[in-house]
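Just the heavy atoms: all of them, side chains too, but no hydrogens, waters or symmetry mates, feed the values below.
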Amino acid sequence: MSRDRIIVTGAGSGIGRACALSLAEADCDVMLAGRREDVLEETRELVMAASPDAKVVMRATDVGRPGECAALVADAIAAMGGLEGIVAAAGHYAPQHVLQITPESWDETMAVVLRGSILVAVAAARHMRAHGGGRIVLISSVNAYESEPNTAAYSAAKTGAVSFAKSAALDLAGDGVIVNTVAPGFVDTPMSADFVASATTEQMRVVNPLARFGRPEEIASVATYLATEAPGFLNGQTVVVDGAQSTSAPIP
Ligand code: NAD
């Protein structure tokens with residue numbers, strides 16, 4: 001059976017790294033992409049140690065630069081010999097009060113958190129459409145459904161990913177290209193390290209009924225399912241993986 005070839009952005013840490021490990025375990029070859037070569041190299045070593053049969057290539061890529069997104073997809077196809085999927089996990093989180101939003105800060109958030117994933121997805125979809133289809137998975141956030149203070153731009157970007165998936169799935173439905181998103185709740189990764197370090201168990205109980213953060217592997221297993229074996233009828237959807245965080249209205 002041939003191996004699927006999949007790009008993972010944000011693969012140097014957290015959820016992206018867990019996705020790379022999980023996809024390789026599911027017999028995929030992976031292109032690791034992210035800004036920092038040193039952490040991508042760490043991920044590459046971890047994946048190769050866990051899944052020696054996987055082909056693992058990497059490319060330092062800033063998805064905030066539009067030309068880099070298309071170049072990443074072209075390089076991935078050249079290095080792996082094709083492309084059946086992407087998992088777009090690159091992102092950053094810069095808390096900011098809504099009244100502090102400037103054109104520059106807005107553009108910066110959108111460029112990385114939304115546009116970067118979308119431009120990788122569009123370049124990949126062009127190739128997939130011409131080669132029998134493929135699967136696109138964007139990592140959104142539960143912030144698309146609920147929010148917290150100082151996240152207006154970030155939450156708008158994550159909501160954009162959910163909308164993009166719905167509409168792109170429609171446009172590409174006849175081409176065998178499936179587009180879904182995963183919306184994690186709070187997950188223990190470098191992005192949430194400050195909160196993870198400072199949150200008391202009692203605060204966690206208010207944030208999440210399970211009184212714990214999600215683990216990157218719990219998001220990765222869902223992203224891997226969507227990127228590989230999920231039925232094609234599951235299309236244009238967002239799977240919320242949040243330990244019921246978004247279903248609860250905390251009562252103090
Ligand atoms: P993380 O900081 O460990 O991972 C983000 C990765 O993206 C990092 O490796 C970073 O280097 C990379 N990155 C940042 N800017 C980039 C750019 N311009 N180009 C390429 N790579 C870039 O955090 P994480 O929690 O694993 O985040 C992964 C995704 O999950 C993000 O999209 C994030 O918004 C989303 N998410 C995280 C949480 C959480 O609680 N951790 C919750 C919901 C959604």
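- Between A11 and T43, the closest heavy-atom pair is O-OG1, 2.7 Å.
- Residues T9 and T61 have side chains not in contact (no heavy-atom distance under 4.5 Å, counting atoms from C-beta outward).
- Here the straight-line distance linking atom CD1 of I101 with atom CG of N150 works out to 10.0 Å at 0.5 Å rounding.
- Considering all non-hydrogen atoms of both residues, A26 and T224 come closest at CB-CG2, 3.9 Å.
- Side-chain contact of S105 with Q96: a donor-acceptor pair under 3.5 Å is present, judged by distance alone.
- In this structure, G185 and Q245 approach most closely via the heavy-atom pair CA-OE1, 3.4 Å.
- Separating the OH atom in Y225 from the CD atom in E229 is a distance of 6.5 Å, to the nearest 0.5 Å.
- Counting heavy atoms from C-beta outward, F186 and V207 have side chains that approach closer than 4.5 Å.
- Cluster annotation: V113 and V187 are assigned to distinct hydrophobic clusters (Ile/Leu/Val/Met/Phe/Trp/Tyr, side-chain heavy-atom contacts under 4.5 Å, transitive).
- Connection of V222 to V137 is established within a shared hydrophobic cluster, with ILVMFWY side chains joined at heavy-atom distances below 4.5 Å, either directly or through further cluster members.
- Follow the hydrophobic side-chain contacts under 4.5 Å out from F164 and you never reach L170; the two are in separate clusters.
- Looking at heavy atoms from C-beta onward, N208 lies in side-chain contact with M204 at the 4.5 angstrom threshold.
- A donor-acceptor pair under 3.5 Å is formed between the side chain of R115 and the backbone N or O of G64.
- By the 6.0 Å contact criterion, CD on E146 is enclosed, its count of non-hydrogen atoms from other residues, nucleotides or ligands being greater than 12.
- Two residues are said to be in side-chain contact when any heavy atoms from C-beta on lie closer than 4.5 Å; P184 and V142 fail this criterion.
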- Should S117 and V63 be marked as a side-chain contact (heavy atoms from CB on, under 4.5 Å) after you check the CA-CA gap, both sets of side-chain angles, and the distance that decides it? CA-CA 7 Å; S117 297; V63 300; 6.0 Å; no

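- Considering only heavy atoms from C-beta on, Y154 comes within 4.5 Å of N143 through its side chain.
- Proximity of a side-chain donor or acceptor of S140 to a complementary backbone N or O of K158 within less than 3.5 Å is detected.
- Contacts classified as side-chain hydrogen bond (donor to acceptor under 3.5 Å, both in side chains) and involving residues 161-190 (residues at least two apart or in different chains) are given here: T181-T238.
- Looking only at side-chain heavy atoms (C-beta outward), D62 and R65 come within less than 4.5 Å of each other.
- No side-chain donor-acceptor contact under 3.5 Å links S51 to the backbone of M48.
- With respect to the salt-bridge test (charged N to carboxylate O, under 4.0 angstrom), the residues R3 and E25 do not qualify.
- Two different hydrophobic clusters hold L40 and L72 under the rule that ILVMFWY side chains link at heavy-atom gaps under 4.5 Å.
- Using a 4.5 Å heavy-atom threshold, the side chains of R17 and V39 count as touching.
- Side-chain atoms of E45 do not come within 3.5 Å of backbone N or O of E42 as any donor-acceptor pair.
- The only member of D242, T159, V240 that meets side chain to side chain contact (heavy atoms under 4.5 Å, CB included) when paired with Y145 is V240.
- A side-chain donor-acceptor contact under 3.5 Å links S155 and S147.
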- Task: Could you walk me through whether E68 and L119 pass side-chain contact (heavy atoms from CB on, under 4.5 Å), step by step?
- Result: CA-CA 9 Å; E68 291 265 302; L119 292 183; over 6 Å; no

- Message: Does L32 form a side-chain contact (heavy atoms from CB on, under 4.5 Å) with V56? I'd like the steps, not just the answer.
- Response: CA-CA 7 Å; L32 312 175; V56 188; 3.7 Å; yes

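- By the rule that hydrophobic residues join a cluster once side-chain heavy atoms approach within less than 4.5 Å of another member, V182 and I15 end up as members of one cluster.
- With contacts defined as side-chain heavy-atom distances shorter than 4.5 Å, the pair I118/V122 qualifies.
- Closest approach of A144 and V162 over heavy atoms only: CB-CG2, 3.8 Å.
- In terms of heavy-atom proximity, C19 sits nearest to V8 at CB-CG1, 4.2 Å.
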- Message: Show, in sequence, the C-alpha distance, side-chain angles and deciding distance for M128 and I136, and conclude whether the side-chain contact (heavy atoms from CB on, under 4.5 Å) test is met.
- Response: CA-CA 10 Å; M128 291 168 182; I136 289 167; 4.1 Å; yes

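- Using modelled atom types, one side-chain atom of R135 and one backbone atom of L226 make a donor-acceptor pair closer than 3.5 Å.
- The two residues A227 and I6 come nearest to each other via the heavy atoms O-CD1, 3.9 Å.
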Give every donor-acceptor pair under 3.5 Å between a side-chain atom in residues 73-95 and any protein atom, sequence neighbours left out.
residue	atom	partner	partner atom	Å
D75	OD2	R59	NE	2.7
E84	OE1	R5	N	2.8
E84	OE1	R5	NE	3.0
E84	OE2	R5	NH2	2.6
Y93	OH	E148	OE2	3.0

- Item | Criterion salt bridge (Lys or Arg N to Asp or Glu O under 4.0 Å) on E218 and R212, from CA distance to verdict | CA-CA 13 Å; E218 293 176 297; R212 70 168 175 87; 2.9 Å; yes

